Amino acid sequence: MGLQHLRNIGIAAHIDAGKTTVSERVLFFTGVTRKTGEVHDGQATMDFMKQEQERGITIASAAISCAWKDHQINLIDTPGHVDFTIEVERSLRVIDGMVAVFCAVGGVEPQTETVWNQADRYKVPRIAFINKMDRTGADFNEVVNMMNNYLDANAFPLQIPIGSEDTFTGIIDIIENRTYIFHEFEREETMVPDEYEPQVFEMRNQLIEKLADFDVDIMERFLEEEEISNEMLKKAIRNATNKLLITPVFCGAAYKNKGVRLLLDAIIDYLPSPIDVGATFGVDVDDHEKTQKRNPSPNEPFSALAFKIINDPYVGQQTFIRIYSGSLSSGMQLYNPAKFKHERIGRILRIKAKEREEVASAGPGDIVALIGMKYTKTGDTLCDDKNRLLLETIHVAPTVIELRIAPKVQKDQSKLGEALAKLSNEDPSFNARYNEETSETIIAGMGELHLEIIMDRITTEFKVDVEVGAPAVAYREAITKEVQCEHKHSKQTGGKGQYAHVIMRIEPNPGKGYEFVDMVKGGRIPQEYIPSVDKGIRKTIEEGVLAGFPVVDVKVVLLDGSYHAVDSSDFAFQTCASMCFKEGFRKAGPKLLEPVMKIEINTPDDYIGDVVGNLNRKRGTIESMRRYRKGSQKLNGFVPLIEMFGYATQLRNISSGRANYSMEFSKYVPLNDAMQEVVLVELKEKQKR
């Protein structure tokens with residue numbers, strides 16, 4: 001099977017749009033499964049984690065291979081819940097095309113926009129599938145309009161639904177000019193009903209007009225009023241889709257098996273193969289100013305991106321990779337430029353959700369799991385040792401919520417440590433740290449549900465019973481003014497002493513993170529101790545100065561200092577730099593930064609005043625309000641995370657359960673002085689307890 005017959009696709013959408021059900025029907029119709037797994041009864045093939053089955057939602061993106069009409073499809077099902085946005089992010093980084101699933105009733109919902117923007121960031125071509133056409137309130141044309149108004153999708157339907165809600169019985173394909181009537185697992189192919197012919201004729205002409213803007217051949221034939229073949233139309237649609245110029249729209253009801261086979265045809269007809277996507281580019285490891293190009297060919301030097309790690313109880317750690325060029329076989333040695341390490345390839349597995357098939361080799365476009373990787377993490381590049389390059393990594397948003405956690409039995413402390421190490425290895429949007437001062441383990445993640453799932457996995461998978469504190473906001477620390485500081489660290493303890501002396505300037509560095517600049521002249525501090533200064537500052541930044549939160553956006557310029565030929569050491573300069581930084585930080589107008597969330601609320605008109613009033617009391621700001629659908633409004637705004645604990649219950653009470661909301665991290669902003677004082681006092685009280 002050639003590369004042109006391979007499709008790497010993701011299925012993504014808002015929670016409850018029916019992504020996993022679509023995936024299950026795809027697996028059924030392609031023969032991977034013999035029965036249709038359902039989300040609601042916990043039997044979905046793609047949702048094989050216990051936590052997914054209990055909640056009826058997808059948490060971990062599952063990779064699975066299937067075949068349709070002489071094509072291989074590598075399918076990645078992704079979560080719709082905003083707390084697991086890293087799963088969508090890493091899937092979109094490695095797929096070539098995407099099926100965006102929309103609910104025919106809900107249309108464009110909050111998380112849809114997030115996923116759409118993520119797909120725009122990675123320039124992923126996409127087609128749309130409007131699902132649940134059999135549900136009460138389904139409105140195909142309204143969803144297409146919403147896609148164009150809210151997503152700027154340039155969406156164009158290639159199908160016309162016959163009926164909607166309980167009268168949804170079939171689909172008309174406007175390119176093939178054929179009608180498909182559905183009966184359970186069977187379908188009947190017929191001519192277009194007379195009453196639909198004018199609509200099909202008009203939509204086909206509109207499509208040709210639209211494609212004429214992007215395709216010279218179609219424009220010439222359109223102007224000459226010549227016949228345009230179906231093959232020519234399909235080719236033009238494929239080209240326009242792959243250039244992100246249009247979004248073809250399809251429809252169906254996956255739960256009732258309607259429209260899924262036509263969607264499979266569309267995946268093959270309109271989404272790109274690795275050849276269509278073309279070359280991938282990376283940074284030259286030896287010269288970061290240069291770029292390296294890799295074509296999707298087995299004859300090119302090897303390059304791949306690790307995009308996911310799963311700890312499997314049977315085979316150990318699986319590292320999922322997407323291969324962009326070259327060939328991979330067991331026993332090969334590759335280079336990881338992010339970790340400056342070599343990795344030897346052990347077993348290569350092709351994954352079919354829970355099932356795994358061992359393969360001897362893999363090539364461009366393949367998505368496989370590797371067993372036995374020692375150093376490789378999510379976002380790392382694997383490449384040929386003689387042709388080193390660094391591919392674009394995966395964007396990870398900062399954590400915004402924290403929990404204190406401790407084992408119920410002290411002897412489980414080391415087991416808990418191992419569990420947290422494995423979980424943070426798997427999930428870059430989760431991290432854990434140990435606070436020496438308070439002797440507490442603190443875990444941090446993207447939201448309450450995210451940490452709830454983590455806790456569940458610690459108990460069920462790793463068999464550690466834990467006690468949990470109340471959720472807390474993950475603040476950051478920063479400075480507001482520039483200061484110069486000096487510190488001399490001198491200790492005599494009998495025998496060899498400790499001596500280090502540094503003078504540094506600390507300045508705000510908005511939006512650029514931590515930066516260290518060495519401006520020491522004439523060897524006043526030997527070159528071997530400069531990294532020690534940097535190391536000492538980095539360690540302090542991680543632990544925080546004001547209240548134990550990481551320091552962000554600070555630039556440190558090392559100006560001068562001195563050393564002792566006998567008593568100076570790496571440790572002495574680390575300690576000195578740390579103390580100097582702390583002294584300077586406290587004089588530089590230190591501020592706490594709080595995470596502000598972007599919030600979107602859909603509410604009936606009746607409750608709009610109460611919802612806005614409640615947000616204002618939470619220090620929220622409304623950015624925009626727009627008509628969502630008849631009788632309801634969509635509010636967009638920003639609210640500090642600390643004000644949002646328990647908001648789901650409040651919103652339910654305000655709106656009699658009829659409003660819903662979605663929120664995601666937006667940015668960190670400085671706390672005002674009064675709030676900062678309150679927070680610092682509360683933190684001190686907690687530490688005393």
Side-chain angles (χ1 to χ4, degrees), residues 11 13 16-19 21-26 28-29 36 68-69 99-108 127-148 153 155-211 228 230 233-234 237 241 246-270 629-630:
I11 295 188
D16 280 343
K19 297 175 306 305
T21 305
V22 171
S23 302
E24 290 300 322
R25 294 311 184 267
V26 165
F28 175 75
F29 285 117
T36 55
W68 183 254
K69 293 188 176 176
V99 178
V101 180
F102 295 81
C103 171
V105 182
V108 175
I127 61 176
F129 181 70
I130 297 176
N131 191 26
K132 303 190 180 183
M133 282 298 301
D134 56 338
R135 287 267 303 275
T136 304
D139 191 334
F140 179 77
N141 293 327
E142 174 65 13
V143 178
V144 174
N145 290 337
M146 289 172 84
M147 287 174 66
N148 286 325
F156 197 91
L158 300 189
Q159 294 175 341
I160 299 169
I162 296 177
S164 67
E165 303 181 347
D166 55 357
T167 64
F168 176 62
T169 54
I171 291 168
I172 299 168
D173 184 324
I174 68 168
I175 291 176
E176 298 290 350
N177 206 26
R178 301 293 292 166
T179 299
Y180 300 90
I181 305 295
F182 300 103
H183 313 282
E184 273 298 310
F185 293 102
E186 300 304 318
R187 67 180 188 187
E188 173 193 346
E189 192 175 331
T190 65
M191 303 291 288
V192 173
D194 293 346
E195 66 269 28
Y196 281 96
E197 276 188 355
Q199 190 183 349
V200 172
F201 180 76
E202 187 189 337
M203 285 184 70
R204 188 182 168 96
N205 279 348
Q206 285 175 3
L207 175 64
I208 289 168
E209 239 175 278
K210 187 180 277 282
L211 291 172
I228 297 170
N230 293 351
L233 268 183
K234 284 184 178 180
I237 294 166
T241 304
I246 66 166
T247 306
V249 183
F250 305 88
C251 65
Y255 182 57
K256 298 279 179 64
N257 310 303
K258 296 177 180 180
V260 177
R261 281 173 285 189
L262 295 173
L263 177 65
L264 278 164
D265 292 342
I267 287 168
I268 286 162
D269 288 341
Y270 305 121
R629 49 178 59 230
K630 196 175 177 185

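Being a predicted model, the structure only gives us computed values, none of them experimental. Scope of the values below: all heavy atoms of this structure, side chains included, with no hydrogens, waters or symmetry mates.
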Straight-line distance of Arg204 CZ to Ile228 CD1, nearest 0.5 Å: 8.0 Å
Side chain to side chain contact (heavy atoms under 4.5 Å, CB included) evaluation trace for Ile130 with Val144: CA-CA 9 Å; Ile130 297 176; Val144 174; 3.9 Å; yes
Atom pair OH (Tyr180) and CD1 (Ile171), whose distance is rounded to the nearest 0.5 Å: 10.0 Å
Gln159 side chain near Val249 side chain, heavy-atom distance below 4.5 Å: no
Nearest atoms (heavy-atom pairs only) where Ala153 meets Thr247: O-OG1, 2.8 Å
Residues that Glu189 engages under salt bridge (charged side-chain N to carboxylate O under 4.0 Å, His left out), provided they are two or more places apart: Arg178
Heavy-atom check, side chain of Glu176 versus side chain of Lys234, under 4.5 Å: yes
Point-to-point distance, once rounded to the nearest 0.5 Å, from CD1 of Ile181 to OG1 of Thr169: 4.5 Å
Any donor-acceptor N/O pair, Lys258 side chain to Met133 backbone, under 3.5 Å: no
Identify every side-chain donor-acceptor pair in residues 192-200 under 3.5 Å, counting partners at least two apart or on other chains, and give the distances.
none

For Asp173, all residues meeting salt bridge (charged side-chain N to carboxylate O under 4.0 Å, His left out), sequence neighbours excluded: none
Spacing of Ile268 atom CD1 and Trp68 atom CH2 [to the nearest 0.5 Å]: 7.5 Å
